[in-house]
Amino acid sequence: MPELPEVETTRRGIERSVTGRTISGWIVRDHRLRWPIPAGLEQELTGQRITRVGRRGKYLLIYCERGALILHLGMSGSLRVLKSSTPTTKHDHFDLLLDSGRTLRFNDPRRFGSLHWTTADPADHKLLRDIGPEPLEPAFDAQYLYRASRRRKVALKNFVMNAHVVVGVGNIYASESLFRAQLRPGRRASSLSRRDAGKLVRAIKTVLRQAIRVGGTTLRDYVGADGSPGYFRQKLFVYERAGSPCRVCHTNIRRVTHGQRSTFYCPKCQQ
DNA sequence: CAAAGGTCCTGCTCGC
DNA sequence: TGCGAGCAGGACCTTT
């Protein structure tokens, strides 16, 4: 999916168009997502003003006067700001109509996305309650990651992709961050030294920040709120580069599988 | 046919 | 023996 940089790009992309606007309508065309879109939201939402657009991990938070929408883009979801008269296409699941004559439209072919409504603090929601720190916040530091990795037998790659350890790092950025930190993805998490933990934390922060700066990574479906792709794909060092020479040492990049997901690394740069 | 950016849930194993 | 945490695998989908 959309990993953290793509979700953050979407957040920034919709922020200006929706903040302060009043919701004038709600249309559900296909309620089938990871969980069915809650019924009765039209009553709930119509007439409310949107106060803020936030993000927690890969979840977008659309705060309204009397509650908040919690939206996940899943593997193939995208959220766009369009004129409400724009014709719909396949896999358009819902429209959040605004008093500006525009609409927030969610499209998701694979239906792994989700939408929840809460009148409580989203941080207390079941989906968000127990997840790890934000990778770009100071709380995510070498000491935290080092401690969290003690006695953990999983591969480092799976460890950093675990949302209970740190949020927002998915398959692309896990491989890219481990390359930048010069660490083998298949190593046991427990083998991290304090120094390695520091390198990995810095690598994750740098990679995510750089990706956000260029609007994320577009491989297939992903587009930002204005329909434009992200440009980080051109900056990838290892992801989807199996068989191609490493951009640093020219050794061929390898692809292996960890927990049914592809992992890419340079056998020379990453030890 | 395989694989594609996510993550929740289940059931098993391991170690205290 | 019992318990909880950690871990692997399955499940959910459509498209290329």
Participant: Can you sort out the partners of A:Glu240 under side-chain hydrogen bond (donor to acceptor under 3.5 Å, both in side chains), two or more places apart, ordered by chain and number?
Facilitator: A:Arg233

Participant: Using atom types as modelled, flag every donor-acceptor pair under 3.5 Å from a side chain in residues 158-169 of chain A to any protein atom, sequence neighbours excluded.
Facilitator:
unit_1	atom_1	unit_2	atom_2	d
A:Asn162	OD1	A:His164	N	2.9
A:His164	ND1	A:Asp130	O	3.0

Participant: Quickly work out the A:Phe264 CZ to B:dA4 P distance and round it to whole Å.
Facilitator: 7 Å

Participant: Report all interatomic pairs (protein N or O, nucleotide N or O of nucleotides 8-13 of chain B) with separations under 3.5 Å.
Facilitator:
unit_1	atom_1	unit_2	atom_2	d
B:dC8	OP1	A:Tyr59	OH	3.0
B:dC8	O4'	A:Arg34	NH1	3.4
B:dC8	O4'	A:Arg34	NH2	2.6
B:dC9	OP1	A:Lys126	NZ	3.3

Participant: When we call it a touch if two heavy atoms are under 4.0 Å apart, what does A:Arg255 touch: a base, just sugar-phosphate, or nothing?
Facilitator: sugar-phosphate

Participant: Minimum heavy-atom separation for A:Arg180 to A:Gln210, with atom names?
Facilitator: NH2-NE2, 3.8 Å

Participant: Pairs counted as Watson-Crick or G-U wobble with both distances under 3.5 Å: what dot-bracket string results for DNA chain B, using | for bases tied to another strand?
Facilitator: .|||.|||||||||||

Participant: Please work out which of the three classes, parallel, tilted or perpendicular, describes the rings of A:Tyr173 and A:Phe232, given edges at 30° and 60°.
Facilitator: tilted

Participant: Which residue pairs pass the side chain to side chain donor-acceptor pair (under 3.5 Å) test when at least one of the two sits in residues 115-124 of chain A, sequence neighbours left out?
Facilitator: none

Participant: Rounding to an integer number of Å, can you tell me how far A:Lys58 NZ sits from B:dG6 C1'?
Facilitator: 6 Å

Participant: Under the 5.5 Å and 30° test, is A:Phe112 stacked on the base of C:dC12?
Facilitator: yes

Participant: List, by chain and number, the other hydrophobic cluster members for A:Leu97, where Ile, Leu, Val, Met, Phe, Trp and Tyr join if side-chain heavy atoms come within less than 4.5 Å, directly or indirectly.
Facilitator: A:Ile27

Participant: Closest heavy-atom contact between A:Leu45 and A:Ile23?
Facilitator: O-CB, 3.6 Å

Participant: Give one of base, sugar-phosphate or nothing for A:Asp108, where a contact means two heavy atoms less than 4.0 Å apart.
Facilitator: nothing

Participant: Among all residues two or more places apart in sequence or in another chain, which pass the side-chain hydrogen bond (donor to acceptor under 3.5 Å, both in side chains) test with A:Asp221?
Facilitator: none

Participant: Tell me: CG of A:Asp221 to P of C:dC13, nearest whole Å?
Facilitator: 17 Å

Participant: Counting any heavy atom closer than 4.0 Å, what does A:Tyr222 reach on the DNA or RNA strands: base, sugar-phosphate only, or nothing?
Facilitator: base

Participant: So A:Gly259, base contact, sugar-phosphate only, or nothing? Heavy-atom distance under 4.0 Å.
Facilitator: nothing

Participant: Can you name the ring-ring contact (aromatic ring centres under 6.0 Å, His included) partners of A:Tyr59, sequence neighbours left out?
Facilitator: A:His72

Participant: Going by heavy atoms closer than 4.0 Å, what residues in residues 181-194 of chain A are next to DNA chain C?
Facilitator: none

Participant: Could you give me the CA-CA distance, side-chain angles and deciding distance for A:Arg152 and A:Ser190, then say whether side chain to side chain donor-acceptor pair (under 3.5 Å) is met?
Facilitator: CA-CA 5 Å; A:Arg152 300 296 293 264; A:Ser190 59; over 6 Å; no

Participant: Mind calculating the distance between CZ (A:Arg261) and P (C:dA8) to the nearest angstrom?
Facilitator: 15 Å

Participant: Identify the two heavy atoms, one from A:Leu4 and one from A:Lys58, that lie closest to each other, and give their separation to 0.1 Å.
Facilitator: N-CG, 4.1 Å

Participant: Counting only non-hydrogen atoms, which of residues 148-158 of chain A are less than 4.0 Å from DNA chain C?
Facilitator: A:Arg152, A:Lys153, A:Val154

Participant: Pull out every residue in residues 87-95 of chain A that has a heavy atom closer than 4.0 Å to any atom of DNA chain C, ordered by number, or say none.
Facilitator: A:Lys90, A:His91

Participant: Within the structure, does a side-chain N or O atom of A:Arg110 lie under 4.0 Å from either OP1 or OP2 of B:dA4?
Facilitator: no

Participant: Can you give me the closest heavy-atom contact between A:Ile212 and A:Pro5, atom names plus distance?
Facilitator: CG1-CA, 3.6 Å

Participant: Identify whether A:Ile70 and A:Trp26 are in the same connected component of the hydrophobic contact network (ILVMFWY, side-chain heavy atoms under 4.5 Å).
Facilitator: no

Participant: Can you list everything that forms a ring-ring contact (aromatic ring centres under 6.0 Å, His included) with A:Phe112? Sequence neighbours excluded, please.
Facilitator: none

Participant: Please confirm whether the backbone N or O of A:Glu65 pairs with a side-chain atom of A:Thr51, one donor and one acceptor, at under 3.5 Å?
Facilitator: no

Participant: Does A:Ser262 put a side-chain nitrogen or oxygen below 4.0 Å from OP1 or OP2 of B:dA4?
Facilitator: yes

Participant: Identify whether the distance between the nearest side-chain nitrogen and carboxylate oxygen of A:Glu134 and A:Arg55 falls below 4.0 Å.
Facilitator: yes

